[in-house]
*Asks:* 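Dropping a structure here in structure tokens format, bear with me for questions.
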Amino acid sequence: IIVGVTNDGVSGVPGVLRWCSLGWLADIARLIDRADLDWNALLAYCERRRVSLTVFVGLLLAEELLGAPVPAAVAARARLDSRASSLAAALCRRLRAGSPAPEGWSGFGFQLALIERKRDKLKFCLGHLAPTPADLDALSIPPGAFPFYYAARPARLALKHTTRVARNIRIALLSRAHARLRSSQA
């Protein structure tokens with residue numbers, strides 16, 4: 001792992017978000033403060049691995065949220081990347097509001113935004129279509145028809161998330177109706 005960057009075990013695409021907690025950002029801030037980093041070598045390595053965007057987001061977050069002493073030239077270079085600045089600002093607002101890091105579909109979209117090349121974005125998406133143990137448990141497909149799990153996974157995920165969204169909408173509507181009923185009785 002380099003400054004929060006790791007290969008995703010599912011897709012093998014570099015640059016996937018791994019700032020799941022402020023603790024990880026604190027580790028980055030501590031590393032910046034205590035380690036004698038060769039910033040030129042680090043940034044060159046990140047460019048070769050196509051993870052500069054992710055690293056820039058992590059550095060900007062560590063600097064903004066925790067006051068990490070990111071060298072001025074490195075911070076300026078990170079801020080010049082409009083995608084890094086935008087993503088860091090969005091996540092910074094979210095963390096300051098007490099919200100967790102993006103999860104589910106929004107987390108997937110955030111991770112996708114951190115991947116630099118279209119080819120790697122496609123690889124990341126395709127990697128998430130691979131059947132998981134939950135898919136294997138949900139369906140009983142004969143061994144010779146194993147490729148059908150790849151088609152079943154998106155359908156299973158769509159059903160799962162549609163059901164969750166529908167439940168949340170129903171709860172919100174019932175809460176509003178209950179509030180209106182209480183206010184009309186008052």
Side-chain angles (χ1 to χ4, degrees), residues 1-130 132-134 157 160-161 164-165 168 172:
I1 294 177
I2 292 192
V3 194
V5 177
T6 184
N7 278 346
D8 180 312
V10 174
S11 67
V13 175
V16 177
L17 174 69
R18 294 292 182 235
W19 330 115
C20 296
S21 71
L22 284 174
W24 287 32
L25 287 173
D27 291 342
I28 293 167
R30 204 170 305 117
L31 176 71
I32 293 167
D33 189 39
R34 296 190 179 153
D36 184 23
L37 296 174
D38 180 346
W39 287 97
N40 291 328
L42 176 67
L43 295 178
Y45 175 82
C46 292
E47 275 186 41
R48 284 192 309 276
R49 298 282 299 155
R50 299 176 313 279
V51 295
S52 296
L53 178 61
T54 302
V55 171
F56 285 160
V57 169
L59 293 173
L60 291 172
L61 286 170
E63 181 184 57
E64 178 68 26
L65 294 171
L66 303 173
V70 178
V74 175
R77 186 169 167 189
R79 282 188 202 93
L80 283 175
D81 185 324
S82 61
R83 294 176 302 162
S85 294
S86 175
L87 290 168
L91 193 51
C92 192
R93 281 190 303 274
R94 186 179 186 109
L95 291 172
R96 281 195 170 132
S99 300
E103 298 174 345
W105 285 110
S106 81
F108 181 82
F110 197 84
Q111 290 179 13
L112 195 59
L114 286 168
I115 299 172
E116 296 181 11
R117 292 189 320 176
K118 288 180 183 177
R119 181 173 71 199
D120 291 337
K121 288 178 188 269
L122 178 62
K123 186 177 177 184
F124 177 77
C125 290
L126 291 175
H128 281 76
L129 293 178
T132 65
L157 290 175
K160 174 184 168 184
H161 291 289
R164 184 181 301 156
V165 168
N168 290 343

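Keep in mind that what you see is a predicted model, and the values were worked out from it rather than measured.
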*Asks:* Could you grab the distance from atom CZ of Phe124 to atom CG of Leu114, nearest 0.5 Å is fine?
*Replies:*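 Nearest 0.5 Å value for the CZ-CG distance: 9.0 Å.
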
*Asks:* Using the test salt bridge (charged side-chain N to carboxylate O under 4.0 Å, His left out), find all partners of Arg96 that sit at least two apart in sequence or belong to another chain.
*Replies:*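 Expected list: Glu64.
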
*Asks:* Who passes side chain to side chain contact (heavy atoms under 4.5 Å, CB included) against Ala35, sequence neighbours left out?
*Replies:*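 Leu31, Leu37.
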
*Asks:* Is Lys123 salt-bridged to Asp120, going by a charged N under 4.0 Å from an acidic O?
*Replies:* no

*Asks:* With rounding to the nearest 0.5 Å, note down the distance linking NZ in Lys121 to CG in Leu112.
*Replies:* 4.5 Å

*Asks:* Give the intermediate values and the outcome of side-chain contact (heavy atoms from CB on, under 4.5 Å) for residues Val74 and Arg77.
*Replies:* CA-CA 5 Å; Val74 175; Arg77 186 169 167 189; 5.7 Å; no

*Asks:* Going by the rule side chain to side chain contact (heavy atoms under 4.5 Å, CB included), which residues pair with Leu66 if we only count those two or more places apart in sequence or in a different chain?
*Replies:* Leu25, Ala26, Ala29

*Asks:* Applying side-chain hydrogen bond (donor to acceptor under 3.5 Å, both in side chains), can you list everything that pairs with Arg83, at least two apart in sequence or on another chain?
*Replies:* none

*Asks:* Under the side-chain hydrogen bond (donor to acceptor under 3.5 Å, both in side chains) test, which residues partner Asp81, sequence neighbours left out?
*Replies:*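 Asp81 satisfies side-chain hydrogen bond (donor to acceptor under 3.5 Å, both in side chains) with no residue once adjacent residues are dropped.
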
*Asks:* In Å, rounded to the nearest 0.5 Å, how long is the span from OG of Ser86 to CG of Leu91?
*Replies:* 11.0 Å

*Asks:* Output all residues satisfying side chain to side chain contact (heavy atoms under 4.5 Å, CB included) with Asp33, sequence neighbours left out; order by chain, then residue number.
*Replies:* Pro69

*Asks:* Measure the CD-CZ distance between Glu116 and Arg49 for me, rounded to the nearest 0.5 Å.
*Replies:* 11.5 Å

*Asks:* How many angstroms lie between CZ in Arg117 and CG in Leu53, if you round to the nearest 0.5 Å?
*Replies:*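 Rounded to the nearest 0.5 Å, the CZ-CG separation comes out at 14.0 Å.
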
*Asks:* Could you go through the side-chain contact (heavy atoms from CB on, under 4.5 Å) check for Leu42 and Trp39 one step at a time?
*Replies:* CA-CA 5 Å; Leu42 176 67; Trp39 287 97; 3.8 Å; yes

*Asks:* Can you list everything that forms a side chain to side chain contact (heavy atoms under 4.5 Å, CB included) with Arg93? Sequence neighbours excluded, please.
*Replies:*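 For Arg93, the residues satisfying side chain to side chain contact (heavy atoms under 4.5 Å, CB included) (neighbours in sequence not counted) are Ala89, Ala90.
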
*Asks:* Tell me which one of Leu61, Leu60, Leu59, Leu65 satisfies side chain to side chain contact (heavy atoms under 4.5 Å, CB included) with Glu63.
*Replies:*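 Of Leu61, Leu60, Leu59, Leu65, side chain to side chain contact (heavy atoms under 4.5 Å, CB included) with Glu63 is met by Leu60 alone.
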
